[in-house]
Every structure is written in C-alpha cells, then in structure tokens.
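First up is the structure itself, then whatever we jot down about it.
Atom set for the values below is all heavy atoms of this structure, side chains included, hydrogens, waters and symmetry mates excluded. Naming convention: chains lettered A, B, ... in sequence-line order (proteins, then strands); numbering from 1 in each chain.
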2 protein chains.
Amino acid sequence: MPPPDLRIALTDRARGGTRQRVYDALREALVAGRLEPGRRLSENELAEALGVSRTPVREALVRLRDDRIVEIVPQLGTFVSKISIGAVADAQFVREALECAAIRLAAERVGDAELLALREIVAAQEDAHAAGDFDRFFVLDDAFHAALCEASGHGIAWSLAQRADGHLVRVRRLSLPVPEYMGEMIAEHRTVLDAIAAHDPDQAEVALRHHLRMVLSVLESIQADHPEFFEKE
Amino acid sequence: MPPPDLRIALTDRARGGTRQRVYDALREALVAGRLEPGRRLSENELAEALGVSRTPVREALVRLRDDRIVEIVPQLGTFVSKISIGAVADAQFVREALECAAIRLAAERVGDAELLALREIVAAQEDAHAAGDFDRFFVLDDAFHAALCEASGHGIAWSLAQRADGHLVRVRRLSLPVPEYMGEMIAEHRTVLDAIAAHDPDQAEVALRHHLRMVLSVLESIQADHPEFFEKE
DNA sequence: GGCGGCACGCTTGCATACTAGGTGCGCGAC
DNA sequence: GTCGCGCACCTAGTATGCAAGCGTGCCGCC
C-alpha cells in the first residue's frame, strides 16, 4: 500500500544543496503540522516522495533529531516527536533567555533603519491579520523576532532559539487560528517596539518576556483540543 | 604521502553508534587543539584513521559544522575553523544568556544534594590544581557548569551552550596552562556557589557573569601568543 | 481454541561506488 | 621568461548495496 500523500515538496532547485532543501522541506512540514506528531516516517518513503536518495534524507533527519522534533529508533523507524510539555518548557526557557538578552542589547544600539524595518514588519502583520492569512502572519512573526536578534548584533541568538524551538513552534502554530490572538500579538509587538525606540532595555525586556509567555497561556487549551499530538507523561 | 598522525581515537566500542563516537572523538581533538585551526581535514583520511567508512565521518562533520568549528567547502575540502573574534563574542553572549538565566532558577530551587555535588566538584578542582592536571581541571570546569544548569531544571541550557561554544572553548583551553587562572577560577566558583547556597539569584547572576567574562580578559594575550589560530578580520 | 515459535519483511546503520566540480600543476605557445 | 590553456588528481555530494535487529503475522502444536 502506498503511503498517504506526504505533502512535502522541495524548494527551488537553485538554492542550497539537496540536504539543506530536504531539511527545510521537512522542517516546514513538521512545524506546520502537516506531518503530525506520532506519525512514522520512513527514509525510503521520504526519499521516494522527494525524488532523492536516502543519503540527504538521512542527514536531514539526523539534524531534525538534534532539533528534538523527530525521534530515530535504530532498526525500527523514525517518528515525529509528540509535543512534550517538558520540551516546550525547555524551549520557552531557552527562547526567553536568548531573546531577552538580545533585546537589551538591541535597545541600546538599535538604529533608525532597523527601527523602520521592524515597524514595517508589524505593519505587514496588520495586513495579514486583516486578510486572515495565518501562514503569512506566522512567517512575519518569525521575521520580527529574527530582526530583533539581528539588531542586537548577535543574530546567532535567533538561529539557536529557532533550532531549540521545535516543540514550542508547533504549539504556536496550532494557536494561530484563534483570530483574537493575532491582534493581541500585534499590540505586544508594538509595545516591545516602543520600548526599543525609547532605548529602554528594562522596559523592552519586560515587554518581550510578557509577549513570549502569552503562548504558554493557551497551551492547556491546545492540549485539550489536540490531545493526540501530546506526549503522555 | 601519508598524512601526519591525526591523534584521534574512538572511545569504547560499546557506547553509542559509530557516528556519535566519531563526533565525540573529533570534537574532543578539535577543542583540545590537537587538530589545529586552519588545518585541512579530509573525509577519506579521517575515515581511514578511525577505521570506519566515510558515512559516519561525514555525518559527524556536518554536525560539527552546525557547531561552527569546521567549515565544509563543497568540492574542495573540510577545514578546522580558525578562531573568530566575532564567533567568540557570539558564543560568549549565548553562554551568558543561557547560564545566567539558569543560575537564577538554580538559586531558587537548588537542594542540599545538588549543593553537595557542586561542592565536591570544586574540591576535585582543588586537587587537579594542586596536581597541575590541566585536562582534568578542564573536565571538572565543564562538569561544574553542567551541574549548575542541571540544578535549574533545564539541563538543555548546558547542552545548547556547549554546542554553541566551539570557538570560546578553544580559547578557554589555550588559556588554561596559566596556573594562576586556575586558582582564580576556583575562587570564583566558590563565590558563585555561596550565592546559590544563600538562594540569592541576583548575587549569583552577578558572580557568574563576572566569572564567565574572565576568559575574555585573556583573549588578547592568547591571540598575541597564537596569531596563526585566529581568523584575519 | 489458545499459545508458542519460526520466518519474513521492514527498519535504520554502515560501507562502497559513482558523479560533478574545483584546484593546481605542467606544458606549450608567444 | 612569462602568460595562458588544458589535463589529471582530489574533493565533497549523491546514489546504491549490504548487514543486523526488531516487530508482526502465520502456522503448527498442544
């Protein structure tokens, strides 16, 4: 029996090597929930579906295991990690630590060009909100936080946070279809932005920490709505 | 011409898969400086030296590239990253952010058993100091910080910091042969420990941040002593 | 009918073969 | 003598083949 449609596809043939494209495609499908937690993944299936050999698929899966969003069991199979409350807490801790440290620096050294770029991202989020475009909103949310870390001079903070974020990001994604959260998040972004523009590290940190913790407030309801996506523990 | 002795060896055959053992062996040799910055590594050479095939070597190298301590240039070769001042600053930032956040939690929730374990590590460091055993001191230093993060309930902080730490850890290692630093570091560990024992998060954070920044104070002299290990920038 | 055991098929882990591309060296022309 | 071109070797990237282990289902036996 052929497996159900995996709904994964490689990006443009031009950019990056095969391994990177496979990683990107898989990660995107995983955090978007198209490859649901608990699902079994086979290197052979993925390789066939993507039209490449097992080698790049395998290397991408190893990297995704480092991200803790897949589990590889030797001689048995590879599985999409169920969302673990403990792992969500870890990811939240890491993200708070890194982003809050970054924003303190950003508040001190941010320039006009960077502020403008941040404001444009928030404006674009307004548009996405109005259009009800969840996916675009989600991308812009990431872009906002990435730009924030970039402004601190340590862009590495974002790339690290993102990689440690596997469990948390799936919760965020599941929480998006609640429209009122989108408006709330935009308001919080504005608050953060104002504090940075005022070059006030303390206020910026407080605002960001509050913003980052919002997602946790919906965790329980998400778990109630999708118990099958969560680890029993 | 056969390559010079690579001075790398796999650990016990029992523990972990081949990939993990290759990664551990390479990382250890890299941070210890036996594979010096700028050196060219060949997948073929490494595979032959370790008695395994290219596949696990390759997967280990990809992971080390994520750690930023090797650079893989397609169709050309793999090289040990030279120490980059920018990368050291990034690593320092990440480590400060994660460990300082962790120690605040640790100061609040640490128990007697954990305190005792930490004190024992410091005591062992005294022994290593007295014996002039740099390698053992280095291992114990890692153990101290790992135990600190573990006590926070987010052991993930240490594993992340360690992986982001590639450039910084090489500087630390180069700085160790200066005996007075060992005594100073032990004293700082004690200060940190006292603050935790007193359940004082603010004081603990201050002490740890000061401790973490000590390594930076020797950066310039290290760079002066080993200019060939550093990136020209 | 229920239970024990064997065998098959599937999985990942590791090894090997092949491809494409880049570097550097050597030869030839000017 | 010097510059330019081309070939040969070496690299990582990818594909494929082989080995070992676990789960499952079927079949025989009790």
Side-chain angles (χ1 to χ4, degrees), chain A residues 1-4 6 8-26 30 35 38-81, chain B residues 1-4 6 8-26 30 35 38-81:
Chain A
M1 181 187 80
L6 286 156
I8 50 177
L10 266 46
T11 54
D12 318 333
R13 195 158 201 80
R15 285 185 301 178
T18 306
R19 169 185 48 234
Q20 184 64 35
R21 289 187 297 135
V22 170
Y23 174 82
D24 290 342
L26 283 177
L30 284 163
L35 298 178
R39 176 173 196 153
R40 175 186 203 160
L41 300 174
S42 153
E43 293 179 359
N44 286 317
E45 277 181 23
L46 293 174
E48 193 175 357
L50 293 168
V52 299
S53 81
R54 273 182 60 211
T55 307
V57 171
R58 174 179 176 69
E59 292 179 355
L61 287 175
V62 168
R63 214 167 154 208
L64 289 165
R65 179 177 68 173
D66 280 346
D67 295 351
R68 298 174 70 182
I69 54 182
V70 306
E71 281 162 24
I72 302 176
V73 184
Q75 274 68 31
L76 209 158
T78 303
F79 303 86
V80 181
S81 301
Chain B
M1 181 187 79
L6 286 156
I8 51 178
L10 265 47
T11 53
D12 317 332
R13 194 155 202 83
R15 285 185 301 179
T18 307
R19 170 183 47 234
Q20 183 64 36
R21 288 188 298 133
V22 171
Y23 173 83
D24 290 341
L26 284 177
L30 284 163
L35 297 177
R39 176 173 194 152
R40 175 185 203 163
L41 300 175
S42 151
E43 293 181 357
N44 287 317
E45 278 181 23
L46 294 173
E48 193 176 356
L50 293 168
V52 299
S53 81
R54 273 184 59 208
T55 307
V57 171
R58 174 178 177 67
E59 292 177 355
L61 287 175
V62 167
R63 219 172 148 204
L64 289 166
R65 180 177 65 173
D66 280 346
D67 296 350
R68 298 175 69 183
I69 53 182
V70 306
E71 282 162 23
I72 302 176
V73 184
Q75 273 68 35
L76 209 159
T78 302
F79 303 85
V80 181
S81 301

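The structure places CZ of Arg58(B) at 12.0 Å from CZ of Arg58(A), a figure rounded to the nearest 0.5 Å. Taken to the nearest 0.5 Å, the CD atom of Glu43(A) stands 7.0 Å off from the CD1 atom of Ile72(A). Rounded to the nearest 0.5 Å, atoms CG (Leu41(B)) and CG (Leu64(B)) are 9.0 Å apart. Once rounded to the nearest 0.5 Å, the distance linking CG of Leu50(B) with OG1 of Thr18(B) reads 10.5 Å.
The heavy-atom pair separating Gly38(A) from Phe79(A) by the smallest distance is O-CD2, 4.2 Å. The heavy-atom pair separating Pro56(B) from Val22(B) by the smallest distance is O-CG1, 4.3 Å. Here the closest non-hydrogen pair linking Val57(B) and Ala47(B) is CG2-CA, 3.7 Å.
Counting only N and O atoms by type, the side chains of Asp24(A) and Gln20(A) include a donor and acceptor under 3.5 Å apart.
Counting 5' to 3', DNA chain D first comes under 4.0 angstrom of a heavy atom of chain B and last does so at the ends given by dT11(D) to dT14(D). Chain B approaches DNA chain C over the interval dG13(C) to dT23(C), counting the first and last nucleotide 5' to 3' with an atom under 4.0 Å from its heavy atoms.
Each of Glu59(A) and Arg54(A) was assigned the nucleotide of DNA chain D with the nearest heavy atom; the assignment lying further toward the 5' end belongs to Glu59(A).
Residues from residues 63-79 of chain B with heavy atoms under 4.0 angstrom of DNA chain D, sorted by number: Ile72(B), Val73(B), Pro74(B), Gln75(B), Leu76(B), Gly77(B), Thr78(B).
For the pair Leu61(B)/Leu46(B), a side-chain contact is recorded, criterion being any heavy-atom separation below 4.5 Å from C-beta on.
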Worked check of side-chain contact (heavy atoms from CB on, under 4.5 Å) between Val52(A) and Arg21(A): CA-CA 11 Å; Val52(A) 299; Arg21(A) 289 187 297 135; 5.6 Å; no

